[in-house]
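All values derive from a computational prediction rather than experimental measurement. Below, read A as the first sequence line, B as the second, and so on, with proteins coming before strands; counting in each chain starts at 1. All heavy atoms count here, side chains included; hydrogens, waters and symmetry mates do not.
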Amino acid sequence: MLDKNYQPQKFEGDVYRAWEDARAFAAGRGDRESARPFTIVIPPPNVTGSLHMGHALNNTLQDILVRFERMRGRDVLWQPGTDHAGIATQMVVERQLMERDEPNRRELGREKFIKRIWQWKEESGNTIVGQLKRLGASCDWSRLRFTMDEGLSRAVRKVFVELHRAGLIYKDKRLVNWDPELLTAISDLEVEQIETKGHLWHLRYPIEGMTFDPEDPATFIVVATTRPETMLGDSAVAVHPDDERYTHLVGKTVILPIVGRRIPIIADEYSDPEKGSGAVKITPAHDFNDFEVGRRHALPMINVLSKDARLSLQPNPEFTDGVDPSPQLKAMILEYNGVFRFAARKMIVDRLESEGLLEKIEPHVHVVPHGDRSGAVIEPFLTDQWYVDAATMAKPAIEAVRRGRTTFVPRNWESTYFHWMENIQPWCISRQLWWGHQIPAWYGPDGEIFVAEDGAAAKAAAKEHYGKDEPLKRDEDVLDTWFSSGLWPFSTLGWPDKTPEVARYYPTDVLVTGFDIIFFWIARMMMMGLHFMEEVPFRTVYIHALVRDEKGQKMSKSKGNVIDPLELIDTYGADALRFTLAAMAAQGRDVKLSGNRVEGYRNFATKLWNASRFAEMNDCVPRADFDPATARLTVNRWIAGEAERTAAAVTEALEAYRFNEAAGAIYHFIWHIYCDWFLELIKPVLMGDDAADKAETRAMAAFVLDHALKLLHPFMPFVTEELWAKRMPQGERRDCLLMLSEWPTHAGLQNAQADAEIGWLIKFVTEVRSVRAEMNVPAGAKVPLVIAGASDQTKARAAVHDETLKRLARIDTLDFGQTPPGSVQIVLDEATLAMPLAGVIDIGAESERLKREIDKIGSEIAQIDAKLANEKFVSRAPEHVVEEQRERKSEVEATAVKLDQALKRLEAL
RNA sequence: GGGCGGUUAGCUCAGCGGUAGAGCACUACGUUGACAUCGUAGGGGUCACUGGUUCGAUCCCAGUACCGCCCACCA
């Protein structure tokens, strides 16, 4: 017996356990050995993470696909796992140490700190796995992987070594995005450009050989800068070669204020005459553009900052222009060193101002790079880092998408992918962190680098190189988290071992993810997959939207507009949340989530629950020997056809990744066809006493309900599985789980005659109800009805469905004959439905109603006439469109005639 | 600066070269033998604007306005 109410909290956990107990999620099940595999790798959530709405959407869509294909008989592998998320995780544990007043990271030391993180990971690292289970995710959990598992770490080392050997990984000294708070390099992608109100300082640099006079512009050159503190590291002033204002100065030298260093005025096209003063200071060690200018002109790169963004001036020849520092300079260095960058800015501006070297300060809006994790202003910083030659590796990855070996859905994301890949920069992969894959590179005493998969191999290589054993020191840095994520589609399958899984499940079928990680992740997987597996990692990339709040804003903790999916699951059930996300996941549009939408779909689950209760109460039990194609009753033939059409629509939509259309189709079928009409139409049969009709109808009601449960299962797995089992007469689970049952693929159940007849029936009932309501006939009142002018077909139909019509339209007697005087009249095809309600209704109102109908239909006739009178329309529009209009015209005209007659009858009273 | 997307009912969104749709909200009625987490009926839209293509445009094309996102850019 089903409970009276739908209460998802009561069974979702049990249903999930039943699936797990049956090992229903496992790939390579015995019954699917010869089946085609279907593979999805999960975008691994951070171990630190807990389920947010983005995960909920992402995993719901994957689960829908996976359940759909599993029911279609494929051998499904949905490969789960989590990501070690280098910076994020390290920060979480550091924060925890701080909160607990425990020794910090540095005090602990690397080894103990890493141990601590592992400990944390064991304790609370898998909360998100439990949360994904609550969502209903049918991953093969027995294959759960973590990016820092030994196997995956081995893959990382092998990839590093091989790419290094191929010259695709190299070490280089160049500017990186340096996070002075986290004290690590980060990649371009981890930098967020934030528009900031700042200032533009115009500085006067005195020209050598002239006596500086603030009143005489000929004695100095003005440079504009947003970062005056970096002027200590200037090594040139650049002007545009064509800028006539400055031509006479090119080749001259200026004396860098405060420092006194002599630096050249150079001509370089980088300088933009429109910007600032047209002359720009060049600080190669602290600006990406200046770095390039510096390289072109072989300028010294003078670093004036420390790793934590304090002034750090070295009185070396580079800094002092080769001369011994003066006592004043020494004093200045002492004064400035250790001053934080923004404080230094003020000190320097003040000093320049006092010396008459500050021309003006303008307010200035510009974008400033910030670290996406720390929020700190990023410092371009000159360091040694490891890089991947992304430009080379991108080439096959671009080609693969161009040739359609991997396809994006929706297609337009391909241009985003191409644009980025074609302009890709060297990828900085080293991070000055402790948590992650330590770079497999060792250094000899003379700095020689030995890249090898382990220490022993490095040692051997060193021995061969030096001719004897030398002490080696391992690179302390770790790899960018995305380096290991890039291997995910094959490292999770056991690569570099030649496992059966690699052979069977790679390449994967589809990757489901948000557009925000196209660059971070998709691009890297493409590069790595093509290089190491010589095959794309996935055939299709389905890009879904971002989930926003109901006002369309991105959810964020700071805005406080975060909707917690787990709370929605608690309140409405996982199925309601899943269905909402699927129904709103139209391609190319963000998902704006509102709570009452979820509530609406919870109500849908309730509806289904109650329909199942109805089936239960009426002994509508599936019968193994029942063949829906043999149904005799029109209503049963009709519903079978509708079920078949719906299956086709859902299937087609899912194949095209149109989740919202698939969801819409099954929703409409269950609620508005099966419940609203079919169940109402069969009540008289079920209450009646024709045993054969009853048996057929029960079997059909059960068959179609099962069919609907299957179609709905990918979207609402819990309630469908529960109903599948519980509504059986024994109240016991069948040996077969719904999730492992077969997807409906019937054909030949449609029947045009049945469709027409039930269509007529529905129109009949709807029209009568509508007119009753309009005429204020009390809802409870039963009225007589006479059908005038009925054809034989109509008479037959009315006779067969006599009880149904009476029940649904609230009619007490249903006869054929002439329209009685004083009737409310409805034109239905060739017939007129008359309800003799003289005395009950207002004749005037009825006459008004008929006139409105006549007006409406008149304007439609006019519209059609205008079209048909248009010679161009008749000659140029496709034949079937013209024919359609002609047919429509004759139908509508016939109706108009009948309406006129009806009105005349009424007025004749 | 480069690119992408959006503008359809009060709200959130589908859709489409030929009668404009859903959910929620709203109004009226309703304890009809699954369901008030419901049923029946109803109101509500110049499909942002301007041109063009077409027999016909909400839909295709161009432009405009507004909104949003991505990439680039510390003068």
Side-chain angles (χ1 to χ4, degrees), chain A residues 2 4-6 193 196 198 200-203 223-227 230 238 270-272 274-282 286-290 364 366-369 377-378 380 412-413 415-416 419-420 423 515-516 518-519 546 548 550-554 572 580 583-584 586 588-594 596-597 599-618 660-661 664 667-668 675-676 679-680 683 686-687 766 769-774 776 778-780 782 807-808 810 860 863-864 867 870-878 881-882 884-885 888:
Chain A
L2 290 171
K4 179 148 170 44
N5 294 314
Y6 166 63
Q193 305 289 350
T196 311
L200 200 52
W201 285 270
H202 292 249
L203 314 180
V223 295
T225 179
T226 55
R227 297 210 52 193
T230 64
Y270 161 65
S271 180
D272 181 350
E274 303 292 314
K275 281 189 187 168
S277 63
V280 58
K281 70 191 210 47
I282 300 297
H286 294 288
D287 180 282
F288 286 99
N289 289 309
D290 293 7
H364 181 64
H366 60 147
V367 290
V368 179
V377 173
I378 291 305
N412 54 322
W413 289 108
S415 55
T416 304
H419 182 256
W420 190 71
N423 296 288
F515 59 80
D516 49 331
I518 289 179
F519 308 142
L546 244 49
R548 301 173 178 282
E550 39 204 322
K551 288 181 207 128
Q553 299 200 325
K554 210 167 167 173
Y572 300 113
T580 307
M584 303 196 70
R589 196 153 174 158
D590 288 342
V591 176
K592 284 183 208 156
L593 192 77
S594 70
N596 65 20
R597 192 81 190 238
E599 188 180 348
Y601 289 120
R602 188 276 316 269
N603 295 351
F604 172 57
T606 303
K607 189 76 182 174
L608 176 68
W609 187 268
N610 282 310
S612 303
R613 284 182 61 224
F614 175 83
E616 185 182 63
M617 290 172 193
N618 287 283
N660 58 317
E661 285 181 21
Y667 179 94
H668 179 251
C675 291
D676 284 356
L679 293 185
E680 295 304 326
K683 278 177 183 173
L686 296 177
M687 306 301 154
T766 309
R769 282 172 174 170
S770 173
V771 170
R772 287 176 58 122
E774 198 176 344
N776 292 315
K782 292 200 170 189
R807 181 188 151 78
L808 296 184
R810 313 241 64 187
E860 196 179 340
Q863 232 176 1
I864 297 173
K867 262 188 190 173
N870 182 346
E871 207 178 305
K872 285 181 176 170
F873 172 73
V874 178
S875 61
R876 297 199 197 178
V881 172
V882 178
E884 219 173 79
Q885 293 296 319
R888 178 79 189 141

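Taking atom C1' in both B:G63 and B:A9, the straight-line distance is 28 Å, to the nearest Å. Separation of the P atoms belonging to B:C60 and B:G43 is 30 Å when rounded to the nearest angstrom. As rounded to the nearest Å, B:G17 and B:U32 have P atoms that lie 44 Å from one another. Distance noted for atom C1' between B:U40 and B:U31: 14 Å (whole Å). Here the separation of B:U54 from B:G21, taken at their C1' atoms, is 26 Å to the nearest Å. B:G39 sits 43 Å from B:C49 when the C1' atoms are compared, rounded to a whole Å. Here, B:G18 and B:A28 have their C1' atoms 35 Å apart, quoted to the whole Å. A gap of 23 Å separates the P atoms of B:C24 and B:A20, to the nearest Å.
In this structure, A:His364 reaches the sugar-phosphate backbone alone: every heavy-atom distance under 4.0 Å involves primed, P, OP1 or OP2 atoms, never a base. Here A:Tyr270 lies in heavy-atom contact (under 4.0 Å) with a base. If you check every strand for non-hydrogen atoms under 4.0 Å, A:Glu860 touches a base. Contacts of A:Tyr667 with the nucleic acid, taken as non-hydrogen atoms under 4.0 Å apart, involve only primed sugar atoms and P, OP1 or OP2. Residue-level contact check: A:Thr766 touches the backbone only, with heavy atoms under 4.0 Å from sugar-phosphate atoms and none from bases. Residue A:Arg888 is in base contact, counting any heavy-atom pair closer than 4.0 Å across all strands shown. Residue contacts for A:Arg597: at a heavy-atom cut-off of 4.0 Å it reaches a base atom on one of the strands shown. Counting any heavy atom pair closer than 4.0 Å across all strands shown, A:Val223 reaches no nucleic acid atom. Residue contacts for A:Ile378: at a heavy-atom cut-off of 4.0 Å it reaches a base atom on one of the strands shown. Among the atoms of the strands shown, none is found under 4.0 Å from any heavy atom of A:Glu871.
Within the structure, a side-chain polar atom (N or O) of A:Lys867 is placed less than 4.0 Å from OP1 or OP2 of B:U19. Side-chain nitrogen and oxygen atoms of A:Lys683 include at least one within less than 4.0 Å of the OP1 or OP2 phosphate oxygen of B:A34. Listed pair A:Lys607 / B:A34 fails the phosphate criterion, with no side-chain N or O lying under 4.0 Å from OP1 or OP2. Between A:Asn603 and the phosphate of B:C38, there is a side-chain N or O to OP1/OP2 separation shorter than 4.0 Å. Between A:Ser770 and B:G42 there is a side-chain N or O to OP1 or OP2 distance below 4.0 Å. Between B:U32 and A:Lys782, no contact under 4.0 Å exists linking OP1 or OP2 to a side-chain N or O.
Between the CD atom of A:Gln193 and the P atom of B:C71 there is a distance of 9 Å, rounded to whole Å. Regarding A:Leu679, its CG atom lies at a distance of 12 Å from the P atom of B:G39, rounded to whole Å. Here B:G39 presents its C1' atom at 12 Å from CZ of A:Arg807, a figure rounded to the nearest Å. In this entry the distance linking CG of A:Leu608 with P of B:C38 reads 14 Å, nearest Å. Between the CG atom of A:Asn870 and the P atom of B:G18 there is a distance of 17 Å, rounded to whole Å. Rounded to whole angstrom, the span from the CZ atom of A:Phe288 across to the P atom of B:C73 amounts to 9 Å. One interatomic measurement links the two molecules: CZ of A:Arg772 to P of B:U40, which rounds to 14 Å at whole-angstrom precision. Between A:Phe614 atom CZ and B:C35 atom C1' there is a gap of 11 Å when expressed in whole angstrom units.
Residues A:Asp272 and A:Thr606 both approach RNA chain B. Their nearest nucleotides, taken by heavy-atom distance, put A:Thr606 toward the 5′ side. Both A:Glu774 and A:Glu680 lie close to RNA chain B; mapped to their nearest nucleotides by heavy-atom distance, the more 5′-ward contact belongs to A:Glu680.
Nearest heavy-atom pair, A:Arg772 versus A:Arg810, reported as atom, atom and distance to 0.1 Å: NH1-O, 2.8 Å.
As the counterpart of B:G45, no nucleotide is assigned, since no Watson-Crick or G-U wobble pattern has both distances under 3.5 Å. Base pairing annotation: B:C66 forms a Watson-Crick or G-U wobble pair with B:G6, both donor-acceptor distances under 3.5 Å. Base pairing annotation: B:G1 forms a Watson-Crick or G-U wobble pair with B:C71, both donor-acceptor distances under 3.5 Å. The pairing partner recorded for B:G51 is B:C61, the criterion being a Watson-Crick or G-U wobble arrangement whose two distances lie under 3.5 angstrom. For B:U19, there is no paired base (Watson-Crick or G-U wobble, both distances below 3.5 Å). The nucleotide B:A28 finds its pairing partner in B:U40, both defining distances of the Watson-Crick or G-U wobble pair being shorter than 3.5 Å.
Proximity of A:Ile518 to A:Trp420: side-chain heavy atoms (C-beta onward) are nowhere separated by under 4.5 Å.
Listed nucleotides: B:C55, B:C71, B:A14. Nearest to the side chain of A:Asn660: B:A14. For A:Met584, counting side-chain heavy atoms from C-beta on, the closest listed nucleotide (B:A41, B:U12, B:G39) is B:U12. Nearest nucleotide to the A:Arg876 side chain, out of B:U54, B:C73, B:G18: B:U54. If you check B:A34, B:U40, B:C55 against the side chain of A:Met617, the one that comes closest is B:A34. Taking only side-chain atoms of A:Pro878, from C-beta outward, the nucleotide of B:C73, B:G18, B:U32 with the closest atom is B:G18. When each of B:G15, B:G30, B:G33 is scored by its nearest atom to the side-chain atoms of A:Ala779, the top-ranked nucleotide is B:G30. The A:Val367 side chain lies nearest to B:C73 when the options are B:G5, B:C73, B:C55. In this structure, the nucleotide among B:A36, B:C73, B:A41 sitting nearest to the side chain of A:Lys4 is B:A36. Nearest nucleotide to the side chain of A:Phe515, out of B:C69, B:C35, B:U19: B:C69.
Distance alone, capped at 3.5 Å, places no donor-acceptor pair between the A:Arg807 side chain and the A:Lys683 backbone. Looking at A:Ser875, its side chain does come within 3.5 Å of a backbone N or O of A:Glu871 through a donor-acceptor pair.
The only option from A:Thr226, A:Val367, A:Val368 that meets the side-chain contact (heavy atoms from CB on, under 4.5 Å) definition with A:Thr196 turns out to be A:Val368.
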*Derivation and outcome, side chain to side chain contact (heavy atoms under 4.5 Å, CB included), residues A:Lys607 and A:Tyr6*: CA-CA 9 Å; A:Lys607 189 76 182 174; A:Tyr6 166 63; over 6 Å; no

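Atoms OH and CD1, on A:Tyr270 and A:Ile282 in that order, are 6.0 Å from each other to the nearest 0.5 Å. The line from NE2 of A:His202 to OG1 of A:Thr225 is 10.0 Å long, rounded to the nearest 0.5 Å. One distance of note links CD of A:Gln885 with CD of A:Gln863; it measures 9.0 Å at 0.5 Å rounding.
For B:U37, its base sits under 3.5 Å from the side chain of A:Arg602 at one donor and acceptor pair at least.
A:Tyr667 and A:Tyr601 have their aromatic ring centers within a separation under 6.0 angstrom.
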